[in-house]
Q: 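Below: one structure in structure tokens.
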Amino acid sequence: MSAPRLDWQAGPGDPLRGELSVPGDKSVSHRAVMLGALAEGSSEVQGFLEGEDTQATAAIFARLGVRIEAPSASRRIVHGVGLHGLGAASEPLDCGNAGTGMRLLAGLLAGQAFDSVLVGDQSLSRRPMGRVITPLQAMGAVIEAGEGGLPPLRIHGNKVLQAIDFKSPVASAQVKSAVLLAGLYARGSTRVVEPHPTRDYTERMLAAFGWPVRFSPGEARLEGGHRLRATQVVVPADFSSAAFFLVAASVVPGSDLCLRRVGMNPRRTGLLDALRMMGADITAESSGEQGGEPVADLRVRHARLRGIDVPEALVPDMIDEFPALFVAAALAEGITRVSGAAELRVKESDRIAVMAKALQALGADIAETPDGAVIRGGRLRGGEADSHGDHRIAMALAVAAQRADGEVRIRDCANVATSFPGFEALARGAGLGLQVCAGVG
Ligand code: S3P
């Protein structure tokens with residue numbers, strides 16, 4: 001899936017005011033399609049993210065023989081085929097830009113009676129898959145990767161999988177989920193223990209689909225040989241998409257914005273804690289529950305931010321939010337230090353290097369460290385910054401531009417559609433100065 005080149009021209013706009021709703025959660029949308037496909041009966045997904053990543057996952061299950069209806073935008077009816085009902089695809093399965101898609105599918109497909117090949121775009125083709133291949137091989141899976149454990153993945157079917165007691169060396173929900181999904185097909189009791197708790201959507205959703213699973217922060221356990229039963233999944237708004245507006249409204253004077261019904265799973269809201277430590281004025285109102293997940297309206301008003309040492313314990317709970325946090329830090333008073341975040345180097349881009357370069361291009365004082373950065377807040381100037389095709393970096397830079405002294409050209413923004421389709425219009429409606437222009441060169 002290679003989208004045409006697209007640049008943005010961004011610069012100071014208006015204060016962010018009013019109310020807005022961001023699209024559905026990416027992690028939950030991927031899993032809803034996967035478990036719906038393996039369930040018995042038809043599952044309805046409401047609030048499905050119409051992003052390229054999650055659409056790629058839905059397309060893959062269609063190729064594997066699952067009928068998926070889209071009666072309207074953000075709704076899917078997944079006609080499940082049962083745990084053993086998938087059929088082989090004749091061509092490689094394209095995960096696009098989605099690490100979640102590829103890593104979770106590696107676990108799920110390892111348990112099938114047929115072979116599969118998983119491929120991805122340029123960015124995904126550079127991302128490490130050894131972290132899922134190693135535990136899956138220990139379970140008896142046979143998976144071949146390219147050099148250095150990179151995609152494509154050739155997954156051989158018809159293997160008898162054995163349960164595993166896996167102590168993951170990396171705090172990764174994708175690794176945990178890959179092992180748990182393979183565990184559905186394995187003999188015995190599979191357990192995953194993590195070095196730090198990560199998002200628990202796979203565990204929660206397996207339980208909602210009727211699979212017995214025991215979990216607590218940092219640990220999950222299930223046995224093979226049960227069945228998944230169709231259910232209704234209500235997807236909350238994605239905290240990671242809301243994050244850009246939390247930072248934008250915090251840094252633009254005069255802002256007072258309400259983000260409606262945002263997913264507040266505690267394994268996702270680390271940025272909220274970090275921003276509050278920096279002095280942000282964000283309140284959670286009308287807290288409630290939606291589809292078994294905590295949600296709240298988040299009201300954010302402009303505040304003067306000051307630099308902090310981001311506690312390492314918060315890192316896994318805000319792992320996707322560092323591009324936004326770096327922007328908040330670059331505009332805060334004083335120094336912000338990030339450490340214990342080496343995982344950022346293997347996301348859709350090397351988010352430490354790409355953010356450091358992009359913010360430096362706008363005049364920020366930011367130095368990389370192997371596992372983080374040191375950022376001294378100050379002024380930003382206009383100029384040109386490259387997102388390297390990383391959706392979250394493009395959106396973070398659009399936020400930074402709101403406080404720059406001049407216009408900022410942001411390169412290579414088409415991949416924003418992987419996680420946040422319609423960001424440009426929604427952001428403009430909220431007050432951001434942002435125009436789309438054709439990419440050149
Ligand atoms: C995700 C887990 C995280 C996150 C990614 C989505 C998931 O990755 O960065 O955007 O849906 O499980 P890791 O588990 O590799 O940290």
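Whatever order the structure lists ligands and atoms in, that order sets their numbers, starting from 1. Computed over heavy atoms, backbone and side chain alike; hydrogens, waters and symmetry mates excluded.
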Q: Taking ring-ring contact (aromatic ring centres under 6.0 Å, His included) as the test, write out the residues that go with F209, two or more places apart.
A: none

Q: Is it true that Y201 and H30 have ring centroids separated by less than 6.0 Å?
A: no

Q: Is there any N or O on E343 that sits under 3.5 Å from an N or O of ligand 1?
A: no

Q: Taking only non-hydrogen atoms of K347, do any sit less than 4.0 angstrom from ligand 1?
A: yes

Q: Which ligand 1 atoms, with their elements, are less than 4.0 angstrom from a heavy-atom of S27?
A: 1 (C), 6 (C), 7 (C), 11 (O)

Q: In the protein, what heavy atom is nearest to atom 1 (C) of ligand 1, and what distance, to one decimal place, separates them?
A: Q174 NE2, 3.5 Å

Q: Under 4.0 Å, heavy atoms only, figure out whether ligand 1 is touched by the backbone of R199, its side chain, both or neither.
A: side chain

Q: For ligand 1, is T100 a contact, meaning one of its heavy atoms is under 4.0 Å away?
A: yes

Q: Say whether A173, considering both its backbone and side-chain N or O atoms, lies within less than 3.5 Å of an N or O atom on ligand 1.
A: yes

Q: Which of the atoms of ligand 1 are close to I319, meaning less than 4.0 Å from one of its heavy atoms?
A: 9 (O)

Q: Quick test of your reading of the model: are R345 and D371 salt-bridged, counting only N-O distances below 4.0 Å?
A: no

Q: Tell me the nearest of R103, R31, R351, K176 to atom 12 (O) of ligand 1, using heavy-atom distances.
A: R31

Q: Just how far is it from atom CG of L105 to atom CG of L181, taken to the nearest 0.5 Å?
A: 8.5 Å

Q: Out of all atoms in ligand 1, which are within 4.0 Å of some heavy atom of D320? Include the element for each.
A: 4 (C), 5 (C), 9 (O), 10 (O)

Q: Assess, by modelled atom type and distance only, whether the side chains of N415 and D121 contain a donor and an acceptor separated by less than 3.5 Å.
A: no

Q: Which residue, D320, N265, L272, forms the side chain to side chain contact (heavy atoms under 4.5 Å, CB included) with F239?
A: L272

Q: Taking only residues two or more places apart in sequence or in another chain, which ones pass side-chain hydrogen bond (donor to acceptor under 3.5 Å, both in side chains) with D165?
A: R191

